There are 2 protein chains.
Amino acid sequence: MGRLREFDEAKAIDGAVDCFWARGYEATSVRDLAEHMGIGGASLYNAYGGKRALFVTALARYAERSMRERIARREGNGQPKEAIRDFFTEIIERSLADRDRKGCLLVNSALDVAPHDAEIGKVVAGYLEEIRAFFQRNIEAGRRAGQMPRNLDAADVSAHLLGVLMGIRVLARTRPDRALLESVARPALDLLDMPVRPRARRARS
Amino acid sequence: MGRLREFDEAKAIDGAVDCFWARGYEATSVRDLAEHMGIGGASLYNAYGGKRALFVTALARYAERSMRERIARREGNGQPKEAIRDFFTEIIERSLADRDRKGCLLVNSALDVAPHDAEIGKVVAGYLEEIRAFFQRNIEAGRRAGQMPRNLDAADVSAHLLGVLMGIRVLARTRPDRALLESVARPALDLLDMPVRPRARRARS
DNA sequence: ACGATTTTGGAGCGAACGCTACAAAATATC
DNA sequence: GATATTTTGTAGCGTTCGCTCCAAAATCGT
């Protein structure tokens, strides 16, 4: 019973994601949100509760459609090393193509919102942990398949890859330069390759 | 000629740094600033021009007192590897001791302000480049001194270290956990060590 | 001492902020 | 069709925003 909603809820959330993504939490006003969501201010509060609650919803939408989608697309192909390499390649390519330098909503939130809001902080930390776990699963699979060095510490290296990923997204927002971003990633990805037996230059022992 | 300033200009700038550092650019109000700087609103505009100009000044102060000081303190000891290692150790320790999770003003600005303000973006990029250059100088010195592998690519690895540093500062704001932060840094720092000749497990060719 | 110049505190500008109140409009149940 | 319930648009609540105006206060050169 009651009047039914006239706006497209999926489009509305996507509009909210775009707003928070482009401008950040503080700099996004409720009026901006309502306009980009295609709804009125009253509907926004009626349907989503308010700015903060809407942000949590938008964050979940972003994580689902952007992060988890990207993970799911790479995983389960039986090529764990390519999964990780392609993950970084895609992030770099998208960062370079990101003309308005929006970066990653999760990373932006980790610095903007999370430190000032314990609840949202835990949510963001949980999303980032999902990325690290993706790295760890694929490192372990790569070791089992003999594609990666046996002595790789999956916990260490997965955390390292997560840190490098965060670094790429930070640097991309101030200096979206291909050479820089690829240099950041390369030493980390080289860890995943099998060591080459160093060729002896001259006879020595 | 004219009335002379009554407030301590150094303390005032430090107060502005503290404000922007703790709350971010957008979330810091001119009234917050004036109060923490110990001056009135009119004096703030008279002496510094406005919120944005004051932010640029505060950023320069932070870079000088926090970043360049940290670099200068480590460099020129003839121990380039320790300079880099200690740099990361200090960042991790300070991040763990940073109870209100202020992080690094440069990194915060790189995500908050830089993408929306081209001029400030270039300033921030310049400061970050100083950090990368510090890494590169010490990598080259370490190679010359025979403390680091001869085949280290100083450009690549210095960019990598900068990325890892950014990653540590991001993760520290959402999950200030020693094990996590040290895991992020460890594989990067291990690059600086001389390779150990792998001990042959069994006789094999 | 005096005019010129600068700083300081206070009041307040117009605008935008997050949010709410309220009545008209639209639906389901009966 | 009457009633109950929900959504929608509008108007506006009180607050805060960055910033400016202005007169009093304080210092200089002369």
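Keep in mind that this is a model prediction, so the values were computed, not measured. Labels below follow one simple rule: chain letters A, B, ... track the order of the sequence lines, proteins then strands, and each chain is numbered from 1.
- Between the CZ atom of B:Phe7 and the P atom of C:dG9 there is a distance of 10 Å, given to the nearest Å.
- For A:Val30, whose side chain is taken as the heavy atoms from C-beta onward, the closest listed nucleotide among D:dT8, C:dC19, D:dG18 is C:dC19.
- Among C:dT7, D:dT8, C:dG12, the nucleotide with an atom closest to any side-chain atom of B:Arg31 is C:dG12.
- Regarding B:Arg5, its CZ atom lies at a distance of 15 Å from the P atom of D:dC28, rounded to whole Å.
- The 5' end of DNA chain C is approached more closely, in terms of each residue's nearest nucleotide, by A:Tyr25 than by the other of A:Tyr25 and A:Ala42.
- Put simply, the residue from A:Tyr127, A:Phe87, A:Phe88 that forms a ring-ring contact (aromatic ring centres under 6.0 Å, His included) with A:Phe134 is A:Phe87.
- The CG-C1' distance, from A:Asn46 to D:dG9, rounds to 13 Å in whole Å.
- Nearest to the side chain of B:Lys51, among D:dC19, D:dA26, D:dG12, sits D:dC19.
- Checking side-chain atoms of A:Asp98 against main-chain N and O of A:Gly103 turns up a donor-acceptor pair under 3.5 Å.
- Under 4.0 angstrom from either OP1 or OP2 of C:dT8 there lies no side-chain N or O belonging to B:Arg3.
- Taking atom CD on B:Glu9 and atom P on C:dT7, their separation rounds to 9 Å, with Å as the unit.
- Across the protein-nucleic acid pair, A:Glu35 atom CD and C:dC17 atom C1' stand 16 Å apart, rounded to whole Å.
- Here A:Arg68 does not pair with A:Glu75 in a salt bridge; the nearest charged N to carboxylate O distance is not below 4.0 Å.
- Between B:Phe135 and B:Val157 there is no side-chain heavy-atom pair separated by less than 4.5 Å.
- Nearer the 5' end of DNA chain C, as judged by each residue's closest nucleotide, is the contact made by B:Gly2, out of B:Gly2 and B:Gly38.
- Listed candidates were D:dG18, C:dA26, C:dC19. Nearest to the side chain of A:Tyr45 is C:dC19.
- The distance between atom CG of A:Asp32 and atom C1' of C:dA15, rounded to the nearest whole Å, is 14 Å.
- Place A:Ile39 and B:Ala27 on DNA chain D by their nearest nucleotides, and A:Ile39 ends up nearer the 5' end.
- Atom CD in A:Glu26 sits about 16 Å away from atom C1' in D:dG18, given to the nearest Å.
- One can place CG of A:Leu4 at 5 Å from P of C:dT27, the figure rounded to the nearest angstrom.
- Note on A:Ser29: a side-chain N or O is less than 4.0 Å away from OP1 or OP2 of C:dC17.
- Ring orientation note: the planes of B:Tyr25 and B:Phe55 are nearly perpendicular, at an angle over 60° on the 30°/60° scale.
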